[in-house]
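Please read these numbers as outputs of a predicted model, since none were measured by experiment.
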Amino acid sequence: MKTIILTPKSKSELATLSTFLKKVKIEATYLTEEEKEELGLKILMREADRKKTVTRTTIIRKLKSA
């Protein structure tokens, strides 16, 4: 089954949507801002190119220059 993500613009919109979903017996899950950010990061990590590698020396050099 596919998922629909809705972002209401106000608390009243959220209340209206919540009421409607309960009325038509559709299950809803609410995400916090932090959970939305984590989901976005997970998607980016999944799409990342894992074919390229970086040497340990390069990483250490970058960390020292930061």
Side-chain angles (χ1 to χ4, degrees):
M1 185 69 58
K2 292 189 177 190
T3 300
I4 297 174
I5 298 175
L6 304 170
T7 306
K9 295 177 186 168
S10 65
K11 288 183 181 182
S12 63
E13 273 189 12
L14 177 61
T16 302
L17 283 169
S18 296
T19 303
F20 172 74
L21 293 172
K22 284 179 188 174
K23 214 176 248 188
V24 294
K25 297 182 178 158
I26 295 176
E27 185 181 331
T29 302
Y30 301 89
L31 300 176
T32 64
E33 287 296 319
E34 185 177 334
E35 290 169 326
K36 287 193 290 185
E37 288 176 11
E38 287 177 11
L39 183 58
L41 287 172
K42 287 178 185 178
I43 291 169
L44 287 173
M45 289 170 66
R46 190 178 311 146
E47 294 173 353
D49 183 7
R50 292 186 174 93
K51 295 174 187 170
K52 296 179 182 177
T53 59
V54 180
T55 66
R56 182 182 172 102
T57 308
T58 304
I59 294 171
I60 299 297
R61 195 176 316 131
K62 271 284 194 201
L63 290 172
K64 286 181 179 178
S65 67

Exercise. What are the two closest non-hydrogen atoms of Ala28 and Leu21, and how far apart are they?
Worked result: CB-CD1, 3.9 Å
Seminar exercise, completed: Here the gap from Glu38 atom CD to Thr32 atom OG1, rounded to the nearest 0.5 Å, amounts to 7.5 Å
Seminar exercise, completed: d(Thr7 OG1, Lys36 NZ) to nearest 0.5 Å is 5.0 Å
For this session: Kindly give the heavy-atom pair with the smallest separation between Arg50 and Met45, and that separation in Å.
Result: NH2-O, 3.0 Å
Problem set entry | More than 12 heavy atoms of other groups within 6.0 Å of Leu63 CG | yes
Problem set entry | Ser12 side, atom OG; Leu17 side, atom CG - distance, nearest 0.5 Å | 9.5 Å
For this session: Decide whether Leu39 and Tyr30 are clustered together by the hydrophobic rule: side chain heavy atoms of Ile, Leu, Val, Met, Phe, Trp, Tyr closer than 4.5 Å, transitively.
Result: no
Exercise. Where do Lys51 and Asp49 come nearest, in terms of heavy atoms and distance?
Worked result: N-OD1, 3.0 Å
